Amino acid sequence: MGNCCSVQCGLDSFLLRGLDFIVGHANYVWKLKQTLPTLSAALEELKARRVDVKRRVDLAERKLLKPLEEVQLWLSTAGPMITEAEKLIEDGRQQMNNLCLGGCASKSCLSSYKFGKKVNKMLQEISDLKREGAFEKVAEDPPPAPVVVRPEEQAVALESTIQKVWSCIVETNVGIIGLYGLGGVGKTTLLTKLNNKFSTTPNDFEVVIWAVVSKDYDVGKIQDRIGENIGFPQSWKNKSVDQKAIDICGILSNKRFVVLLDDLWKKVDLNLVGIPEPSQTKGSKLIFTTRSLDVCGYMEAKTKIKVECLEPEKAWELFQDKVGDEALNSHPDIPNLAKQVAERCGGLPLALITIGRAMACKTTLGEWNYAIETMKRYDAMQVMEFYMVPALKLSYDNLPNDAMKCCFLYCCLYPDDYSIPKKRLVEYWFCEGLLNEYDRVSDAQMQSNDISSLLNACLLENGGEIHGEECVKMHDAIRDLAYWITRHFEAKENNFFVRAGAQLYEEPDVKAWESVKRMSVMANKIKVLKETPKCPNLRTLFLSQNELEVISDGFFQFMPHLTVLDLSRNLRLRVLPEGISQLICLQCLDLSYTGISELRIGLKSLRKLKMLDLSYMHNLRKIPQHLISSFSQLQIFLMWWSGCGDYPNEDNVLYGGNEKLIGELKGLQRLSILRIQKRHVWSRMGK
């Protein structure tokens with residue numbers, strides 16, 4: 001009896017398990033019709049997520065950021081999973097056909113049951129992967145390379161000097177090396193070659209750091225350049241100079257480093273910057289360039305190496321290369337005249353290159369004789385510290401017209417080693433009336449050959465890109481040339497006052513610049529402009545990148561001809577002075593990156609305004625109605641504002657969206673360049 005009961009219980013258990021199996025089996029089979037469409041929808045969402053992540057990664061890589069490892073792993077997983085899911089969905093159609101033909105009793109029932117489990121599993125995996133792909137960030141700044149390879153120019157006869165310096169580098173008892181020589185002799189090219197040699201020649205240095213110092217250097221900016229090489233985050237730049245020095249010293253003291261400092265004009269206090277004394281660390285090196293042997297002494301250079309001018313034979317080879325065969329062969333006597341011109345360049349590579357290119361289109365004896373006589377006239381002026389500057393003036397004299405000469409001189413308003421955005425430069429030239437052949441600034445930007453001509457003449461050089469915008473630079477010797485020309489030859493027509501990047505804390509003495517035509521005190525630390533200068537001739541005024549907080553109402557009162565006013569990057573400047581409305585000749589007003597919250601209605605008097613830049617004005621809350629529409633000559637309008645806390649005023653075109661503003665802009669018949677951004681949403685309009 002007991003055995004029968006046991007058998008019966010076992011049978012019941014078996015039947016129950018079988019029933020559970022059948023029910024579960026049927027559940028997978030009959031729900032397949034619902035699960036497949038759900039899987040298809042989930043797959044599409046995963047595909048979209050993968051496209052978004054891939055696009056963010058591509059954008060980050062274009063910005064030279066390094067994709068995170070977890071993001072790369074996710075993308076490598078998502079691809080095969082999408083392929084597998086697509087195949088599963090396709091196979092699902094066949095499974096559905098089998099169910100319709102055979103039902104649950106057929107052999108296909110078991111197959112469909114197994115397939116249903118696969119679909120459910122895939123659905124869960126896709127859901128998990130989709131959730132894991134919601135990345136807050138997909139990339140980060142790459143770790144700093146031990147050596148950042150820099151673009152280098154063709155070196156002329158520098159091989160022996162490079163080897164001489166390198167032999168000092170491998171000596172453990174030489175900590176500081178000074179390279180000195182004339183401006184334009186090739187010191188920066190030499191230092192660049194050395195920098196790049198560390199990336200190709202085996203050595204045991206852990207980090208190679210490059211920083212440009214220049215004449216009126218800022219310790220904080222040198223520290224920022226070193227911090228970028230070491231790998232400090234962007235926020236680190238907000239620290240004090242003292243704290244930065246402690247951080248830099250803390251890192252470099254534990255490394256075998258090379259610091260390359262370009263263009264020293266006076267002693268740099270290494271302790272203030274945070275650079276450990278090379279002799280006290282593990283065979284580390286400090287190598288710098290300067291025009292002065294005295295600076296080598298002030299820096300206590302163990303080894304001082306002069307970068308010499310070229311020997312006559314090498315100088316002639318370089319000059320021939322830049323002039324070209326067409327000009328040299330255009331008359332039998334020209335080669336002899338060309339040798340005389342080359343000799344007067346004194347073996348200075350910059351002079352040979354610049355003047356050689358200037359003479360490349362001179363094919364008559366008269367033109368070459370004129371060049372020689374012109375260079376002879378400047379011999380008396382060679383008592384100047386930079387005696388080759390007069391020789392370089394020949395390149396300036398050979399510019400095709402006065403407008404291009406003015407464009408060239410304009411570039412010396414910027415600080416040493418400054419990357420000048422090409423578009424902004426052309427915009428300023430246009431507003432200044434230096435590009436009179438163009439009626440619209442958009443045409444000037446697209447067709448103006450002035451920058452190309454200055455680049456081809458070696459009077460400007462490529463300055464790389466900043467935030468995706470092409471820039472140009474002035475070699476320091478060429479900048480000296482521009483200053484020299486404004487002092488000796490253009491003092492009446494183009495009277496300049498330039499103290500850009502000169503570490504000024506107060507506005508210069510008014511008497512020093514009341515007669516000038518163009519003035520630049522950009523990139524200083526001036527906080528207050530309190531005087532009332534009388535400047536009847538002033539056309540250009542660069543006040544950008546200071547720490548301006550207050551401008552007196554009378555400051556602009558007596559500047560009747562001011563044409564370009566750059567107040568940009570003064571974040572502490574909250575209010576425009578009332579006197580700005582008296583600048584009735586103003587054609588360009590740059591207020592970008594300022595803290596100004598409201599534009600005055602009095603600006604309506606600026607009837608000649610062609611360019612107004614309100615970009616990145618985070619505090620801007622109010623623009624009076626009918627102000628923008630009053631600028632009938634406006635061709636460029638740039639704007640970015642947060643849109644938060646707009647003044648609730650019917651007279652404010654920013655209140656309630658940007659429709660009122662766009663309405664006023666549409667009435668401006670000459671407007672050709674427009675960019676408006678509010679809360680990261682861009683509006684564009686072209687005419």
Side-chain angles (χ1 to χ4, degrees), residues 156-157 182-186 309-409 449-450 452-461 474-475 477-494:
V156 181
L182 287 169
V185 77
C309 291
L310 300 178
E311 295 292 333
E313 185 179 341
K314 288 288 184 182
W316 173 234
E317 288 177 9
L318 177 60
F319 191 73
Q320 287 183 94
D321 180 60
K322 298 306 172 185
V323 173
D325 292 337
E326 183 179 352
L328 290 171
N329 296 331
S330 57
H331 190 283
D333 294 338
I334 283 182
N336 288 330
L337 297 175
K339 284 184 179 179
Q340 294 180 50
V341 174
E343 286 170 5
R344 292 195 170 274
C345 291
L348 191 70
L350 180 64
L352 291 160
I353 292 169
T354 306
I355 295 171
R357 288 192 179 177
M359 300 302 294
C361 58
K362 309 302 179 186
T363 57
T364 67
L365 294 179
E367 290 171 316
W368 282 90
N369 281 314
Y370 173 78
I372 293 169
E373 291 304 314
T374 300
M375 295 177 78
K376 282 181 180 178
R377 283 204 303 271
Y378 301 141
D379 283 351
M381 296 180 229
Q382 291 183 1
V383 295
M384 296 174 57
E385 180 183 1
F386 311 118
Y387 67 84
M388 288 313 302
V389 167
L392 290 172
K393 185 177 180 288
L394 186 62
S395 296
Y396 171 82
D397 291 337
N398 275 302
L399 290 175
N401 52 57
D402 289 340
M404 192 173 293
K405 290 177 181 178
C406 288
C407 289
F408 164 69
L409 296 178
N449 295 318
D450 296 67
S452 296
S453 297
L454 293 174
L455 286 167
N456 292 339
C458 292
L459 293 174
L460 289 180
E461 56 190 48
M474 252 189 171
H475 189 284
I478 298 295
R479 196 163 175 264
D480 291 336
L481 165 68
Y483 283 152
W484 183 71
I485 289 172
T486 61
R487 290 194 302 270
H488 290 84
F489 296 91
E490 304 287 347
K492 291 183 179 179
E493 270 309 304
N494 287 297

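Predicted, not measured: the structure shown is a model, and the values here were computed from it.
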Asks: If every non-hydrogen atom of Leu365 is compared with every non-hydrogen atom of Leu337, which pair is closest and at what distance?
Replies: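 Residues Leu365 and Leu337, closest heavy atoms: CD2-CD1, 3.7 Å.
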
Asks: To the nearest 0.5 Å, what is the distance between CD on Glu317 and CD on Glu313?
Replies: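 It is 5.5 Å, given to the nearest 0.5 Å.
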
Asks: Is the shortest heavy-atom distance from the side chain of Leu409 to the side chain of Tyr396 under 4.5 Å?
Replies: yes

Asks: Rounded to the nearest 0.5 Å, how far apart are OG1 of Thr363 and CG of Leu328?
Replies: 11.5 Å

Asks: So, do Leu352 and Lys322 sit near enough that their side-chain heavy atoms are less than 4.5 Å apart?
Replies: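 No, side chains not in contact.
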
Asks: Which residue in the set Lys393, Lys362, Arg357 passes side-chain hydrogen bond (donor to acceptor under 3.5 Å, both in side chains) when paired with Asn398?
Replies: Lys362

Asks: Specify the closest pair of heavy atoms between Cys361 and Glu367, including all atoms of both residues, with the distance to one decimal.
Replies: O-OE1, 4.5 Å

Asks: Hey, are the side chains of Phe319 and Leu310 touching, using non-hydrogen atoms and a 4.5 Å cut-off?
Replies: no

Asks: Using modelled atom types only, decide if a donor and an acceptor are shared between the side chain of Asn456 and the backbone of Ser452 within a distance under 3.5 Å.
Replies: yes

Asks: So which atom in Thr354 and which in Ser395 form the shortest heavy-atom distance, rounded to 0.1 Å?
Replies: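 Heavy-atom minimum between the residues: CG2-OG, 2.8 Å.
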
Asks: Indicate the atoms forming the closest heavy-atom contact of Pro349 with Gly347, along with that distance.
Replies: CD-O, 3.2 Å

Asks: Could you tell me whether the side chain of Val185 reaches within less than 4.5 Å of the side chain of Leu350, counting heavy atoms only?
Replies: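 Side-chain contact under 4.5 Å: no.
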
Asks: Please step through side chain to side chain contact (heavy atoms under 4.5 Å, CB included) for the pair Leu399 and Ser453, ending with a clear verdict.
Replies: CA-CA 8 Å; Leu399 290 175; Ser453 297; 5.7 Å; no

Asks: At their closest point, which heavy atom of Ile355 faces which heavy atom of Val341, and how far apart are they?
Replies: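 Closest approach of Ile355 to Val341, heavy atoms only: CG2-CG1, 3.9 Å.
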
Asks: At what distance, to the nearest 0.5 angstrom, does OG1 of Thr364 lie from NE2 of His331?
Replies: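 With rounding to 0.5 Å, OG1 (Thr364) is 9.5 Å from NE2 (His331).
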
Asks: For Glu461, I'd like to know if atom CD has over 12 heavy atoms of other residues, nucleotides or ligands within 6.0 Å.
Replies: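 Enclosed: over 12 neighbouring heavy atoms sit under 6.0 Å from CD of Glu461.
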
Asks: Any idea which heavy atoms bring Leu481 and Leu459 closest together, and the distance?
Replies: CD2-CD2, 4.3 Å

Asks: Taking side chain as C-beta onward, heavy atoms only, is Lys405 less than 4.5 Å from Phe408?
Replies: no

